**Student:** 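Take a look at the following structure, please.
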Number of protein chains: 2
Amino acid sequence: MSAVSTPESRRDQLLAIAARLFAEKGFKNTTVRDIADAAGILSGSLYHHFDSKESMVDEILSTFQEALFAQYDEILASDEDARTKLERAVRVSFEAIDQHPFEVAIYQNEADYLGKFDRFRYLADRNTQSRQVWVTLIEEGVRTGVLRNDLDVTLTYRFIRDTVWVAVRWYRPGRGHTHTEVADQYVRILLDGIST
Amino acid sequence: MSAVSTPESRRDQLLAIAARLFAEKGFKNTTVRDIADAAGILSGSLYHHFDSKESMVDEILSTFQEALFAQYDEILASDEDARTKLERAVRVSFEAIDQHPFEVAIYQNEADYLGKFDRFRYLADRNTQSRQVWVTLIEEGVRTGVLRNDLDVTLTYRFIRDTVWVAVRWYRPGRGHTHTEVADQYVRILLDGIST
DNA sequence: GTCTATATAGTGATAGAC
DNA sequence: GTCTATCACTATATAGAC
């Protein structure tokens with residue numbers, strides 16, 4: 001069992017199945033029986049692996065976010081110019097949509113609602129952290145003169161954040177454009193606009 | 001069915017309450033008891049006004065979409081230049097977010113899932129119609145030289161559509177910016193980009 | 001137009017056998 | 001690791017009284 005080829009544990013298989021269903025139908029619309037059916041077992045058997053349905057979505061979201069924010073931290077800490085860092089942050093996000101579409105979709109669709117409960121408080125915290133990442137990069141860009149100085153920073157932050165993540169609604173890995181091509185176009189529009 | 005000047009019917013009051021809850025908590029997360037509680041009645045009493053919870057969201061969405069698409073049709077039919085029409089379409093959308101935030105939020109959050117059921121097939125039809133509106137305007141812009149001719153039309157359509165509607169996630173009427181100010185900034189970024 | 005009372009079905013979760 | 005069997009609870013919806 002080498003590190004690279006270790007077969008996915010049963011637990012991880014079940015989590016992957018649940019993630020797909022949560023993303024496609026929504027957390028509340030997905031029953032534990034749906035998950036068990038898709039896995040070819042009975043619903044009671046799921047509770048050998050997980051405490052609750054809530055635990056499943058919790059593990060899916062927290063695992064994904066940990067990996068994503070490690071990437072943002074790396075970019076923030078780098079000594080590249082602001083425009084490059086902003087571009088990299090956008091590209092990392094599109095890569096996440098490509099490689100973890102279900103996790104991104106679940107976060108986009110459920111975080112607002114789930115974040116209200118104590119157990120999912122970390123979702124709101126991550127949201128704040130994400131805001132800091134983007135705002136830092138935008139302010140640095142304005143300060144160093146690579147971005148327009150008449151930008152409303154908060155509005156621009158929301159524009160970028162939403163613009164990037166909302167692509168999870170239509171982007172499908174391996175269909176049409178690659179995530180790199182999509183990121184190219186998005187960065188181009190974002191930086192230079194669509195007009196002549 | 002009520003005339004323009006008559007006070008809001010009980011039915012409309014209940015629909016407004018349901019719309020707020022569906023937008024805030026999601027359709028599935030909102031129970032008929034939640035709606036009845038918020039209205040100060042018991043859940044059974046709701047069924048004097050509506051067939052089902054599904055009928056409620058159906059009426060909310062179809063009524064809203066009818067009004068919205070009438071506005072798009074008017075823009076498409078006008079003889080202004082492509083850039084003006086595109087701007088107007090963006091502004092009409094932000095106005096909808098301002099005046100019907102709950103309806104827009106419900107559509108954004110639930111249309112993908114609901115659209116799979118026969119009863120809500122019109123949601124998918126409206127989606128196609130919306131695509132035609134934006135693509136028509138973009139292609140006219142490229143043809144008349146007011147938009148860059150290296151744009152991927154489909155990608156640009158998705159960019160604009162998503163960019164506009166996703167604002168419903170954070171925009172709150174009467175707080176911070178007006179919908180006109182937000183539209184100004186969005187149009188500016190969309191057309192000219194954020195870089196110097 | 002609302003309430004009382006209740007039918008009916010679904011849904012998350014548990015205990016113990018295999 | 002999964003199944004059998006089932007519990008407790010929640011949810012939509014109905015019928016008839018007021």
Side-chain angles (χ1 to χ4, degrees), chain A residues 1 6-62 106 109-110 113-120, chain B residues 1-3 6-62 106 109-110 113-120:
Chain A
M1 305 271 191
T6 306
E8 206 178 26
S9 70
R10 185 63 173 139
R11 182 187 175 80
D12 288 343
Q13 288 173 8
L14 294 171
L15 273 185
I17 289 166
R20 178 174 59 79
L21 291 171
F22 291 158
E24 284 171 358
K25 311 176 25 144
F27 176 67
K28 193 79 180 197
N29 288 319
T30 304
T31 69
V32 291
R33 285 174 178 80
D34 289 335
I35 301 169
D37 282 355
I41 59 178
L42 292 184
S43 65
S45 306
L46 276 178
Y47 291 85
H48 173 73
H49 304 276
F50 305 98
D51 280 354
S52 64
K53 185 176 119 172
E54 213 174 68
S55 293
M56 301 186 79
V57 76
D58 192 347
E59 188 166 337
I60 290 165
L61 288 174
S62 56
I106 296 167
N109 295 332
E110 320 284 349
Y113 180 67
L114 290 177
K116 290 173 195 155
F117 303 104
D118 276 355
R119 172 168 200 172
F120 293 96
Chain B
M1 289 290 183
S2 64
T6 50
E8 205 179 30
S9 68
R10 185 64 173 140
R11 182 189 176 79
D12 288 343
Q13 288 172 6
L14 294 172
L15 272 185
I17 289 166
R20 178 173 58 77
L21 291 171
F22 291 158
E24 284 171 358
K25 313 177 23 150
F27 177 66
K28 192 79 180 196
N29 289 319
T30 304
T31 68
V32 290
R33 281 176 235 272
D34 288 336
I35 301 168
D37 282 355
I41 59 178
L42 292 183
S43 64
S45 306
L46 277 177
Y47 292 83
H48 173 73
H49 304 276
F50 305 97
D51 279 355
S52 63
K53 185 175 119 171
E54 214 175 67
S55 292
M56 300 187 79
V57 75
D58 192 349
E59 188 165 338
I60 290 166
L61 287 174
S62 57
I106 296 167
N109 296 332
E110 320 285 351
Y113 180 66
L114 290 178
K116 291 174 195 154
F117 303 104
D118 275 355
R119 171 167 201 173
F120 293 96

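So that the names make sense, note that chain A is the first sequence line, chain B the second, and so on, each numbered from 1. Note that the coordinates shown come from a computational prediction; the quantities given were computed from them, not determined experimentally.
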**Student:** Going by the rule side chain to side chain donor-acceptor pair (under 3.5 Å), which residues pair with S52(A) if we only count those two or more places apart in sequence or in a different chain?
**Tutor:**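 Scan of S52(A) (side chain to side chain donor-acceptor pair (under 3.5 Å), adjacent residues dropped) gives S55(A).
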**Student:** Name all residues meeting the side chain to side chain donor-acceptor pair (under 3.5 Å) criterion together with N109(B); count only those two or more places apart in sequence or in a different chain, and write none if there are none.
**Tutor:**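 Result, side chain to side chain donor-acceptor pair (under 3.5 Å) vs N109(B): none returned.
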**Student:** Within the 4.0 Å limit for protein heavy atoms, which parts of nucleotides 2-18 of chain D are touched? Write it as a string from 5' to 3', B for base, S for sugar-phosphate only, - for none.
**Tutor:** BBB------BBBB----
**Student:** Can you name the side-chain contact (heavy atoms from CB on, under 4.5 Å) partners of R11(A), sequence neighbours left out?
**Tutor:**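 Result, side-chain contact (heavy atoms from CB on, under 4.5 Å) vs R11(A): S9(A), F50(A), E59(A).
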**Student:** Can you list every ring-ring contact (aromatic ring centres under 6.0 Å, His included) pair that touches residues 21-47 of chain B, not counting sequence neighbours?
**Tutor:**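 Every pair satisfying ring-ring contact (aromatic ring centres under 6.0 Å, His included) with a residue in residues 21-47 of chain B: F22(B)-F27(B).
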**Student:** Could you state the CD1-P distance from I35(A) to dG1(D), rounded to the nearest angstrom?
**Tutor:**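 Value for this atom pair: 17 Å.
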**Student:** Kindly indicate whether the side chain of L61(A), heavy atoms from C-beta on, has any atom under 4.5 Å from the side chain of E110(A).
**Tutor:**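 Side chain of L61(A) against side chain of E110(A), heavy atoms only: no contact under 4.5 Å found.
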**Student:** What's the CD-P distance between E8(B) and dG1(C), to the nearest Å?
**Tutor:**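 Interatomic distance, CD of E8(B) to P of dG1(C): 14 Å.
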**Student:** For DNA chain D, produce a single dot-bracket line, 5' to 3'. Pairs: Watson-Crick or G-U wobble, both distances under 3.5 Å. Symbols: ( ) within strand, [ ] crossing, | other strand, . unpaired.
**Tutor:** ||||||||||.|||||||
**Student:** Which residues pass the side chain to side chain donor-acceptor pair (under 3.5 Å) test with K25(B), sequence neighbours left out?
**Tutor:**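 Listed in chain order: D34(B).
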**Student:** How would you list, by chain and number, every residue that makes a salt bridge (Lys or Arg N to Asp or Glu O under 4.0 Å) with K28(B), sequence neighbours excluded?
**Tutor:**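 Scan of K28(B) (salt bridge (Lys or Arg N to Asp or Glu O under 4.0 Å), adjacent residues dropped) gives none.
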**Student:** Can you name the residues that form a side-chain contact (heavy atoms from CB on, under 4.5 Å) with R33(B), not counting sequence neighbours?
**Tutor:**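 Once residues adjacent in sequence are excluded, the partners of R33(B) under the side-chain contact (heavy atoms from CB on, under 4.5 Å) criterion are T31(B), S43(B).
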